[in-house]
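Quick note: residue numbers are just sequence positions, from 1.
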Amino acid sequence: MISKKNTILWIGAVTCIAATALYATGVLKPKSTLHETQLVETGTKAAPRQIISAELNRNYPNSVDNKNVFDVSRFSKSPVQLPQTNEHALFTEFSESKDFAAFVRRAKATEGGAYFVRMALLYCGSLDAQTKAYAINKAQKENKTEERMASINSSFGACATMPTGLELRESLQAIKKSNDRSVALSEAFSQHLTGHDEGNTAELISRAISYGNPLLVGEMLSLMVPTAQSAGKADVILDNKPVAKEDADSLAMAMNLIACNYGVDCSGQSSAATSRCALGGPCGVDEFEIVRRYNMTPVEWEKVVLFYSQILQSYQSGNYGFINVVKRKP
């Protein structure tokens, strides 16, 4: 499992990014990745409760260790242009949604909308009353009530009328029976990462990019390393060489940042940043600055930069097989 010291960005999201919110605020715990995990109260397969708990209890450093200052300008913040598909338009609406119930009604009637309906259900399924009470209490204890309450009201308010309990379970089960291509690809990628299906990493990533769905692309990139390592049935191969265990954290961080280039909103005004603030993290801080707040060694930082530049350059040239997940032989 990726250590707390060396993780960022995903709480994303499910995912991460879910609503871009859960997806981009901290790395997911490996077992709560593309497979929807059980909510404690409802038994519903939904956005992992442990993600929320980890975010609430995360201690974000308020300052940067000057000995290990990391120049984030070495990352390119320019977005990769994805195809303008129905999924691409839905992603924009999804990431800007202030009312997920209204979004779900529209998305249900739109081709390619089932994936985003699922993401909305997963995201809102994890933002329950207990979590909100915890977030408010934490804000009050930190004497940051005014600052955080706006974010709490925004994040939780967007889910106010979303399904819960049995209705939520039935809605998620119905989506699995849909013919939505993003849903099918997400499931296929999960099977691939956990070693239950041979698959082909390059082909799966290429398909996701062709769909023009930044949320799906970001989900896949961010979860590739931690999920494969956690499952223990596949190896991560970079440039035809197995990735060393000591390099996995740096590689996972680099992949999270690459997701920013593929359309995930990593700005300080994103829904991810709003959720991070609501759940006790720093407010108004973009993902690149979040990277600076983690006390990694200079060697670890350099590896992040190297992995990031190598993989992004390869992806931009169409070489999606530069990083692969390969099923271990029995």
For [X] against [Y], the heavy-atom pair lying closest together:
X: T161; Y: A101; answer: OG1-CB, 3.1 Å
X: A135; Y: A278; answer: CB-O, 3.4 Å
X: G281; Y: R148; answer: O-NH1, 2.5 Å
X: V325; Y: A228; answer: CG1-CB, 4.1 Å
X: S178; Y: I175; answer: OG-O, 2.7 Å
X: M220; Y: A208; answer: SD-CB, 3.5 Å

Is there a donor-acceptor pair closer than 3.5 Å between any side-chain N or O of [X] and the backbone N or O of [Y]?
X: N153; Y: A150; answer: no
X: S309; Y: V305; answer: yes
X: S270; Y: S267; answer: yes
X: S206; Y: E203; answer: no
X: N213; Y: I209; answer: no

[atom2] on [Y] to [atom1] on [X], rounded to 0.5 Å:
X: Q140; Y: K138; atom1: CD; atom2: NZ; value: 12.5 Å
X: N256; Y: L221; atom1: CG; atom2: CG; value: 9.0 Å
X: M162; Y: D99; atom1: CE; atom2: CG; value: 9.0 Å
X: S155; Y: L279; atom1: OG; atom2: CG; value: 6.5 Å
X: D239; Y: F322; atom1: CG; atom2: CZ; value: 4.0 Å
X: L216; Y: R207; atom1: CG; atom2: CZ; value: 9.5 Å

Would you call [X] and [Y] a salt bridge, taking side-chain N to carboxylate O under 4.0 Å as the test?
X: E246; Y: K303; value: no
X: E187; Y: K176; value: no
X: E302; Y: R74; value: yes

Checklist entry - How far apart are the C-alpha atoms of V264 and V217, what are their side-chain angles, what is the distance that settles it, and do they pass the side-chain contact (heavy atoms from CB on, under 4.5 Å) test? => result CA-CA 9 Å; V264 177; V217 175; over 6 Å; no
Checklist entry - Checking side-chain contact (heavy atoms from CB on, under 4.5 Å) for the pair S154/T274: CA distance, chi angles, key distance, verdict? => result CA-CA 8 Å; S154 176; T274 300; 4.0 Å; yes
Using distance alone, with no hydrogens and no angle criterion, decide if [X] and [Y] have a side-chain donor and acceptor under 3.5 Å apart.
X: Y123; Y: S275; value: yes
X: D247; Y: S250; value: no
X: S95; Y: D265; value: no
X: R118; Y: S186; value: yes
X: N261; Y: Y308; value: yes

Does [X] reach the side chain of [Y], with side-chain heavy atoms less than 4.5 Å apart?
X: L251; Y: I311; result: yes
X: Y115; Y: L215; result: yes
X: E87; Y: S182; result: yes
X: P79; Y: Y262; result: no
X: S171; Y: L121; result: yes
X: T201; Y: H192; result: yes
X: V304; Y: F75; result: yes
X: M224; Y: I205; result: yes

Are there over 12 heavy-atom neighbours, none belonging to [X], within less than 6.0 Å of that residue's [atom1]?
X: E111; atom1: CD; answer: no
X: Q313; atom1: CD; answer: no
X: K327; atom1: NZ; answer: yes

Item to check | Residues forming a ring-ring contact (aromatic ring centres under 6.0 Å, His included) with F156, sequence neighbours excluded | outcome: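 Counting only residues at least two positions away or on another chain, F156 forms no ring-ring contact (aromatic ring centres under 6.0 Å, His included).
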Item to check | All pairs passing disulfide bond (SG atoms under 2.5 Å apart) where residues 148-216 contributes a residue, at least two apart | outcome: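 For residues 148-216, and leaving out neighbouring residues, the disulfide bond (SG atoms under 2.5 Å apart) pairs sorted by first residue read C124-C159.
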Item to check | Chi angles and distances behind the side-chain contact (heavy atoms from CB on, under 4.5 Å) call for M149, I136 | outcome: CA-CA 7 Å; M149 277 307 299; I136 293 173; 3.9 Å; yes
Checklist entry - Parallel, tilted or perpendicular: which fits the ring planes of F103 and F116, with parallel below 30° and perpendicular above 60°? => result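 Correct class here is perpendicular.
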Next on the checklist: Could you see if Y320 belongs to whatever hydrophobic cluster contains V326? Use Ile, Leu, Val, Met, Phe, Trp, Tyr and a side-chain cutoff under 4.5 Å.
Outcome noted: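 Different clusters.
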Checklist entry - Taking V243 as the fixed residue, which of V236, I323, I237, D235 is the one that meets the side chain to side chain contact (heavy atoms under 4.5 Å, CB included) rule? => result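 Of all the options given, the one that passes is V236.
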Checklist entry - Where do Q310 and L238 land on the side-chain contact (heavy atoms from CB on, under 4.5 Å) test, with the steps shown first? => result CA-CA 10 Å; Q310 287 180 332; L238 182 70; 4.2 Å; yes
